[in-house]
Amino acid sequence: MGFEKYMDVTPEIQEALKENRPVVALESTILSHGMPYPENLDFAARVEKIVRAEGAVPATCAILGGRIKVGLTPEELEVLCRAENIGKVSRRDFAVYVAEKKNGATTVATTMMIAAMAGIKVFATGGIGGVHRHGEVTMDISADLQELANTPVLVVCAGAKQILDIGRTLEYLETMGVPVIGNGTDDFPAFYCRRSGHKLDFKAENEEEIAMIAHTKWDLGLKGGILVGNPIPEEYGMDNEYMEGIIEEALKAAEEKGIHGKDTTPFLLAKVKELTGDASFKANVRLALNNAKAGAKVAYHLSKLSEN
Ligand code: PSU
Ligand code: MN
């Protein structure tokens, strides 16, 4: 394969993987394109700490100077969080960023790619990309969904934001054969809100059950990933109707400004933040921390299962 020569895995992560200890991949687009500086730096430290508190090793991924990074130093995190000259790297951008020695933050799709290359099975994030509203016309469907179909990594998320067409996102995942499992819920969460109203076929009681399903899927030789919907903790969840109004407004602003393509998601995220102020940002931090914790638990149970 030969990708190793492009890749730097920190010694701590290398060792944990060799000893089959739990490791949780984390993405960097959420830092550079999803949160303001310096709050994102504080968040980056907290999310890594939560993973460690659960006995797992955090592996934040990015592309820096064309090197595929698995695990970042505090200095590298600072570069990403300052987000000066940091591109947003999805699958189609990957080779360009490596070849041209650029700096890029990785989306869910590329973080899954890197995790799979490094041998990491679990990845925790905030929200995934999906089918955008009117996606049936614009064909704006995040590459995250294709990656879930093809790459063997389990992704813990708080669902998808209502900026997307959640119903079509779930339809697409079904067509692509991606298992979507609710962690203690049978309703696919809607990021800031605990429920989207879209029912899931599978509700798992806990992270151990989720790990067992993932282990079995890969043991069966089935390709692709697994998506876990982990609702935002009750006390931080926001009101559905309120958020729906905010999102309508953000979508209208995007249309007026003619925003499209890869700028759509960051634009909408920034607009929602502007319209809701601190409340949505706080919720964003809380749900991402909650996902990191759940991811670490899944990684722990998966490492136990693969021992036997
Ligand atoms: N949704 C969020 N927060 C995010 C993203 C999506 O609520 O930070 C980021 C993730 O990195 C995701 C990417 O993989 O946006 C999807 O972008 P696109 O729709 O251009 O594929
Ligand atoms: Mn898109």
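Values below: every heavy atom of this structure, side chains too, minus hydrogens, waters and symmetry copies. Start at 1 and go down the list; that is how both ligands and their atoms are numbered.
- With hydrogens left out, the protein atom closest to atom 19 (O) of ligand 1 is Thr265 OG1, 2.8 Å, a heavy atom.
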For the pair Lys252 and Glu255, evaluate salt bridge (Lys or Arg N to Asp or Glu O under 4.0 Å) and give the outcome as yes or no after the intermediate values.
-> CA-CA 5 Å; Lys252 219 168 69 199; Glu255 200 182 318; over 6 Å; no

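- When only non-hydrogen protein atoms are considered, atom 17 (O) of ligand 1 lies nearest to Lys88 NZ, 3.1 Å.
- Close approach to Glu27 involves these atoms of ligand 1, each under 4.0 Å from a residue heavy atom: 10 (C), 11 (O).
- If you look at Thr107 next to ligand 1, the close heavy atoms, those under 4.0 Å, come from the backbone and the side chain alike.
- Of the candidates Pro266, Gly127, Ser142, the one placing a heavy atom closest to atom 6 (C) of ligand 1 is Gly127.
- When only interatomic distances are considered, the shortest N/O to N/O separation between Gly129 and ligand 1 does not fall below 3.5 Å.
- Between Glu54 and Lys297 there is a side-chain heavy-atom pair separated by less than 4.5 Å.
- Nearest N, O or S atom of Asp140 to the Mn ion (ligand 2): atom OD1.
- If you check which protein heavy atom lies closest to atom 16 (C) of ligand 1, you get Asp144 OD2, 3.8 Å.
- Residue Ile30 has at least one heavy-atom neighbour below 4.0 Å for each of these atoms of ligand 1: 8 (O).
- For atom 2 (C) of ligand 1, the nearest non-hydrogen atom of the protein is Lys161 NZ, 3.3 Å.
- Taking 4.0 Å as the cut-off between side-chain N and carboxylate O, Lys69 and Asp8 count as a salt-bridged pair.
- Looking at Phe191 and Ile163, their side chains never come closer than 4.5 Å, going by heavy atoms from C-beta outward.
- For the side chain to side chain donor-acceptor pair (under 3.5 Å) criterion with Ser28, the lone passing option out of Thr110, Thr107, Thr106, Thr111 is Thr106.
- Two residues are said to be in side-chain contact when any heavy atoms from C-beta on lie closer than 4.5 Å; Glu248 and Arg133 meet this criterion.
- Scanning the protein for heavy atoms near atom 4 (C) of ligand 1, the closest one is Leu269 CD1, 3.5 Å.
- In summary, the atoms of ligand 1 found under 4.0 Å from a heavy atom of His132, numbered by their order in the structure, are 19 (O).
- Ligand 1 has no nitrogen or oxygen under 3.5 angstrom from a nitrogen or oxygen of Ser90.
- Cys193 has its side chain within reach of Gln162: a pair of non-hydrogen atoms, C-beta onward, lies under 4.5 Å apart.
- Side-chain contact annotation: Asn103 with Asn85, donor-acceptor N/O pair under 3.5 Å absent.
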